[in-house]
Amino acid sequence: MSKQTRNVRVNVTSLLSSGVGAFVVVLGSMIALFGSAIKLGAEFDKELSTLAAVSGTAKDQLGALADQAKRLGGSTMFTAVEVVKLQTELAKLGFAANDIQNATPAILDLAASLEVDLADAAVLAGSTVRAFGLTTNDTQMVVDLLATSTSSSALNFSSLTESLKYVAPAARGANVPIDEAVVLLAALADNGIKGSQAGTGLSKVFLELAIK
């Protein structure tokens, strides 16, 4: 918005000299620009209110989340509104404000690299961190592992998501780290076994290991 305003200010003198018609065109563009900004601001405030209601976050912490959303909205392919929606999905998973801040940048990377919806990326990354007993400081490691596994094997986002539902709890019970579990899922996928089939099969193996 600032950039567009500067452009208008630089050219306004020459446009005025071109006649009233040209100035009206510029004025109309500025009105549309500010109208769009106001609409986006209202949408951002609405999503922020939803985040506050879901998370029960204190005012100062909510301000920190809002600042992060604005910053990431200005430096990534996603808008600030989309970032707040991602933060809300993490709040629904029970993450506290600090954990949401820790996890959000990495999940944006995951969504961008796999070209998936932010909400889906948040659920996959957040639930995987939780299921393996990790912390949000490990989110970047988890995201890198998930992205690599889908780019170097027959795994895709949906099959990986489905498999991990079954595998993660059993792997944690058998003390199998996430990297080993994902490597095994990738190997199964390369042999035509993926999704719930791979998840249930591998979870049975892990459960047997845990019993022994």
Side-chain angles (χ1 to χ4, degrees), residues 47 50-51 54-55 65 68-69 71-73 75-95 99-174 176-207:
E47 293 300 333
T50 301
L51 173 59
V54 171
S55 63
L65 290 173
Q68 181 188 49
R71 184 176 68 256
L72 293 173
S75 60
T76 68
M77 63 181 289
F78 302 102
T79 67
V81 171
E82 289 174 321
V83 176
V84 176
K85 289 181 178 179
L86 183 157
Q87 293 172 332
T88 302
E89 291 300 321
L90 292 176
K92 290 178 182 178
L93 291 172
F95 287 103
D99 289 326
I100 293 173
Q101 282 188 273
N102 287 340
T104 295
I107 295 174
L108 290 177
D109 291 341
L110 179 65
S113 63
L114 298 185
E115 298 181 348
V116 296
D117 183 79
L118 279 179
D120 293 335
V123 171
L124 175 59
S127 60
T128 301
V129 166
R130 277 284 175 79
F132 278 92
L134 304 172
T135 71
T136 51
N137 292 325
D138 301 309
T139 306
Q140 189 64 59
M141 177 274 291
V142 170
V143 162
D144 291 342
L145 180 63
L146 299 179
T148 300
S149 68
T150 56
S151 64
S152 60
S153 73
L155 278 174
N156 56 39
F157 180 83
S158 60
S159 63
L160 180 59
T161 300
E162 187 67 19
S163 294
L164 283 173
K165 289 180 184 178
Y166 302 93
V167 168
R172 183 179 180 183
V176 176
I178 183 174
D179 54 342
E180 292 183 17
V182 172
V183 166
L184 289 171
L185 288 175
L188 289 172
D190 287 342
N191 286 277
I193 305 171
K194 52 186 176 181
S196 59
Q197 183 183 12
T200 53
L202 193 56
S203 64
K204 290 179 181 177
V205 174
F206 290 157
L207 289 172

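All residue numbers refer to positions in the sequence shown, counting from 1. These numbers come from a predicted model, not from an experiment.
In terms of heavy-atom proximity, F157 sits nearest to L114 at CD1-CD1, 3.6 Å. Scanning all heavy atoms of the two residues, the minimum distance from V167 to A198 falls at CG2-O, 4.5 Å. Closest approach of A181 to V176, counting heavy atoms only: N-CG1, 4.1 Å. Scanning all heavy atoms of the two residues, the minimum distance from F132 to I178 falls at CE2-CA, 3.6 Å. When all heavy atoms of A170 and F206 are compared, the closest pair comes out as O-CB, 3.6 Å. Nearest approach of A103 to L90, heavy atoms of both residues: CB-CD1, 4.0 Å.
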Which donor-acceptor pairs under 3.5 Å do side chains of residues 115-128 form with protein atoms, sequence neighbours excluded?
unit_1: D117; atom_1: OD2; unit_2: A119; atom_2: N; d: 2.9
unit_1: S127; atom_1: OG; unit_2: V123; atom_2: O; d: 2.5
unit_1: S127; atom_1: OG; unit_2: L124; atom_2: O; d: 3.2
unit_1: T128; atom_1: OG1; unit_2: L124; atom_2: O; d: 2.6

Distance-only donor-acceptor pairs under 3.5 Å for side chains of residues 183-192, two or more places apart:
unit_1: D190; atom_1: OD1; unit_2: A154; atom_2: N; d: 2.8
unit_1: N191; atom_1: ND2; unit_2: A187; atom_2: O; d: 2.8

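Checked by atom type and distance alone, the side chain of Q101 never pairs as donor or acceptor with a backbone atom of Q68 at under 3.5 Å. In this structure, T148 contributes its side chain and L145 its backbone to no donor-acceptor pair below 3.5 Å. No donor-acceptor distance shorter than 3.5 angstrom exists from the side chain of E47 to the backbone of V84, with no hydrogens or angles considered. The backbone N or O of T150 lies less than 3.5 Å from no partner atom in the side chain of S153, so there is not a single donor-acceptor pair. Looking at S75, its side chain does come within 3.5 Å of a backbone N or O of R71 through a donor-acceptor pair. S163 contributes no side-chain N or O that, together with a main-chain N or O of S196, makes up a donor-acceptor pair within less than 3.5 Å. No donor-acceptor pair under 3.5 Å is formed between the side chain of D138 and the backbone N or O of M141.
With rounding to the nearest 0.5 angstrom, the OG1 atom of T200 is 7.0 Å from the OH atom of Y166. Rounding to the nearest 0.5 Å places OG of S55 at 12.0 Å from CG of D99. Between I100 atom CD1 and Q87 atom CD the span is 6.5 Å, to the nearest 0.5 Å. Taking CD1 from I193 and CG from L202, the interatomic distance works out to 10.5 Å, rounded to the nearest 0.5 Å. Taken from CG in L164 to OG in S203, the straight-line distance is 11.5 Å, to the nearest 0.5 Å. Interatomic distance, OG1 of T139 versus CG of L110, reported as 10.5 Å (0.5 Å rounding).
One finds no salt bridge joining K85 and E82 here, because no Lys/Arg side-chain nitrogen approaches an Asp/Glu carboxylate oxygen to under 4.0 Å.
Here K204 pairs with nothing under the salt bridge (Lys or Arg N to Asp or Glu O under 4.0 Å) rule; sequence neighbours left out. Applying the side chain to side chain donor-acceptor pair (under 3.5 Å) criterion to T88, with sequence neighbours excluded, gives no partner residue. In terms of the salt bridge (Lys or Arg N to Asp or Glu O under 4.0 Å) criterion, residue partners of K165 (sequence neighbours excluded) are, by chain and number, E162. Under the side chain to side chain donor-acceptor pair (under 3.5 Å) criterion, Q140 pairs with D144, not counting sequence neighbours.
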